[in-house]
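Down below is the structure, laid out as structure tokens.
All of these numbers come straight from a predicted model, not from anything done at the bench. No hydrogens, no waters, no symmetry mates; every other heavy atom, side chains included, goes into these values.
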There are 2 protein chains.
Amino acid sequence: MHSKTADSLQNKFNQKLLDKGLRPTKQRSCVYDVLLQKKDHPTADEVLVRVRKKLPSISLATVYNCLETLVDCSLVKQVNMDRSPSKYCPNLTPHAHFRCSKTGRIYDLNLQEDEINQLKELLPSGFNAENFDLTFSGSANLP
Amino acid sequence: MHSKTADSLQNKFNQKLLDKGLRPTKQRSCVYDVLLQKKDHPTADEVLVRVRKKLPSISLATVYNCLETLVDCSLVKQVNMDRSPSKYCPNLTPHAHFRCSKTGRIYDLNLQEDEINQLKELLPSGFNAENFDLTFSGSANLP
DNA sequence: TTCTCAATTTAGAATAATTCCAATTACAAC
DNA sequence: GTTGTAATTGGAATTATTCTAAATTGAGAA
Ligand SMILES: [Mn+2]
Ligand SMILES: [Mn+2]
Ligand SMILES: [Zn+2]
Ligand SMILES: [Zn+2]
């Protein structure tokens, strides 16, 4: 597969916001860019620090507002683990997460369609899942 | 299998606490009993209300302390969903959760050993999971 | 272009779950 | 019974997030 161009991502951003009657402001755009540039599941605080490199006067309230808007527009996923601060992820494909207990680093584990079907087979009859949340934790020994 | 008697559960409770050099106090015992009596994943606030039927002067701080102790002793699991208050569950067998979006009710989905192995097969090599957290949400249509 | 006005941003206050703290109480061992 | 540590308690503190009300922005109307 080809990776998305900056332009096609920009178009997707504009489109999804306009679809909901919302404005593609520079704050929203910058928050979204920050998430695309380093896909490490930052918290709102970390997003604030990164966005301020471009928009030094943006407020934390606005970062929270923008993140909520991006989640509502299905441009970003909100990721919650235990009771730690929410993290944000621009990977919209169905995926699980792995948190390394040593480093705290979070990895995306992309899932194939058949793997998702396997997951849903865990449900007894009568249960109809629209969503799932799967997080592993342990140690990652990567090359 | 036979279900555990009240006595054998009492023994397990005493044993696990004593193993860690902790006292099986009436507050800890009562919090644990409340979780066993109605396995509906109550929050700390809900546990407080139930425990006060037996111990009217117990404090919320003590409920939090007791729940933390029970989790540390592997008598109870702490269950977190999104950013809602922590819930507590005495089911120690590996299981997933299903939250009905209509009623908010939470169901345990017990998993067989082979199903757990299936889950761990989702991990690429280099990832070693000690734990997993699997939560479905959707609508439950039960008989 | 200027005007208008709803949408957005902003700073700071408020909220809510949880943790911390310092004082009291309980209780096991001596 | 005294002592010493663990546990409980009420209230203060913490922290992530949401709310509020005022200022700013910017797209479309005039
Ligand atoms: Mn944060
Ligand atoms: Mn609660
Ligand atoms: Zn992710
Ligand atoms: Zn459970």
Side-chain angles (χ1 to χ4, degrees), chain A residues 13-34 41-52 54-73 75-89 104, chain B residues 13-34 41-52 54-73 75-89 104:
Chain A
F13 170 81
N14 283 332
Q15 200 48 61
K16 291 224 182 178
L17 283 164
L18 294 175
D19 282 353
K20 294 223 169 188
L22 301 173
R23 298 182 188 164
T25 65
K26 64 177 188 296
Q27 287 88 347
R28 288 170 176 163
S29 162
C30 194
V31 166
Y32 185 51
D33 284 349
V34 152
H41 303 81
T43 65
D45 285 337
E46 291 163 344
V47 170
L48 178 69
V49 169
R50 296 179 198 181
V51 171
R52 281 194 165 163
K54 272 277 169 61
L55 301 178
S57 63
I58 195 174
S59 72
L60 179 57
T62 299
V63 169
Y64 272 107
N65 289 340
C66 291
L67 288 169
E68 187 184 20
T69 299
L70 295 175
V71 170
D72 288 349
C73 293
L75 284 160
V76 162
K77 278 182 188 165
Q78 182 170 0
V79 177
N80 295 302
M81 293 179 179
D82 302 323
R83 300 210 47 82
S84 61
S86 287
K87 296 153 194 31
Y88 297 87
C89 166
Chain B
F13 170 80
N14 283 332
Q15 200 48 61
K16 291 224 182 180
L17 284 164
L18 294 174
D19 282 354
K20 294 225 168 187
L22 301 173
R23 298 182 188 164
T25 64
K26 64 177 188 295
Q27 287 87 348
R28 288 171 176 163
S29 162
C30 195
V31 166
Y32 185 51
D33 284 349
V34 152
H41 304 81
T43 64
D45 285 336
E46 290 163 343
V47 170
L48 178 69
V49 169
R50 295 179 199 181
V51 171
R52 282 194 164 163
K54 272 277 168 61
L55 301 177
S57 63
I58 196 174
S59 72
L60 179 57
T62 299
V63 168
Y64 272 107
N65 289 342
C66 290
L67 288 169
E68 187 184 20
T69 299
L70 294 174
V71 169
D72 288 348
C73 293
L75 284 159
V76 161
K77 278 181 187 165
Q78 183 170 359
V79 177
N80 295 303
M81 293 178 178
D82 301 323
R83 301 212 43 84
S84 62
S86 287
K87 295 154 194 31
Y88 296 87
C89 165

### Message
Is there a side-chain contact between A/Ser86 and the phosphate of D/dT17, meaning an N or O under 4.0 Å from OP1 or OP2?
### Response
yes
### Task
Output every pair passing side-chain hydrogen bond (donor to acceptor under 3.5 Å, both in side chains) with a member in residues 17-31 of chain B, not counting sequence neighbours, ordered by first then second residue.
B/Gln15-B/Asp19
### Query
In whole angstrom, what separates A/Leu48's CG from D/dT15's P?
17 Å
### Message
It should be established whether B/Tyr64 places a side-chain nitrogen or oxygen under 4.0 Å from OP1 or OP2 of nucleotide C/dT18.
### Response
yes
### Residues that B/Val63 engages under side chain to side chain contact (heavy atoms under 4.5 Å, CB included), provided they are two or more places apart
B/Ala44, B/Val47, B/Leu48, B/Ile58, B/Leu67
### Task
Starting at atom CG of A/Leu18, determine the distance to atom P of D/dA27, rounded to an integer number of angstrom.
11 Å
### Query
In Å, rounded to the nearest 0.5 Å, how long is the span from SG of A/Cys89 to NE2 of A/His41?
3.5 Å
## Note on the structure
Readout for nucleotides 1-12 of chain D: B = base within 4.0 Å of protein heavy atom, S = sugar-phosphate only, - = neither; 5' to 3' it is ----BSSSBBB-
### Message
Under the rule for side chain to side chain contact (heavy atoms under 4.5 Å, CB included), what residues qualify as partners of A/Asn80, not counting sequence neighbours?
### Response
A/Gln78, A/Ser86, B/Asp82, B/Arg83
### Task
Please state how far atom CG in A/Asp82 lies from atom C1' in D/dA16, giving the value in whole angstrom units.
15 Å
#### Entry: Minimum heavy-atom distance between A/Leu17 and A/Pro24, given as atom pair plus value
CD1-CA, 3.7 Å
### Message
Taking ring-ring contact (aromatic ring centres under 6.0 Å, His included) as the definition, give me every residue that meets it alongside B/Tyr88, ordered by chain and number, with sequence neighbours left out.
### Response
none
#### Entry: Interatomic distance where CZ belongs to A/Arg83 and P belongs to C/dA16 [whole Å]
14 Å
#### Entry: Gap separating the NZ atom of B/Lys16 from the CG atom of B/Leu22, nearest 0.5 angstrom
13.0 Å
### Query
Considering residues at least two apart in sequence or located in another chain, which fulfil the side-chain hydrogen bond (donor to acceptor under 3.5 Å, both in side chains) criterion with B/Lys87?
B/Ser84
## Note on the structure
Taking five pairs at each terminus, the helix from C/dT1-D/dA30 to C/dC30-D/dG1 shows an axis bend, to 10°, of 20°
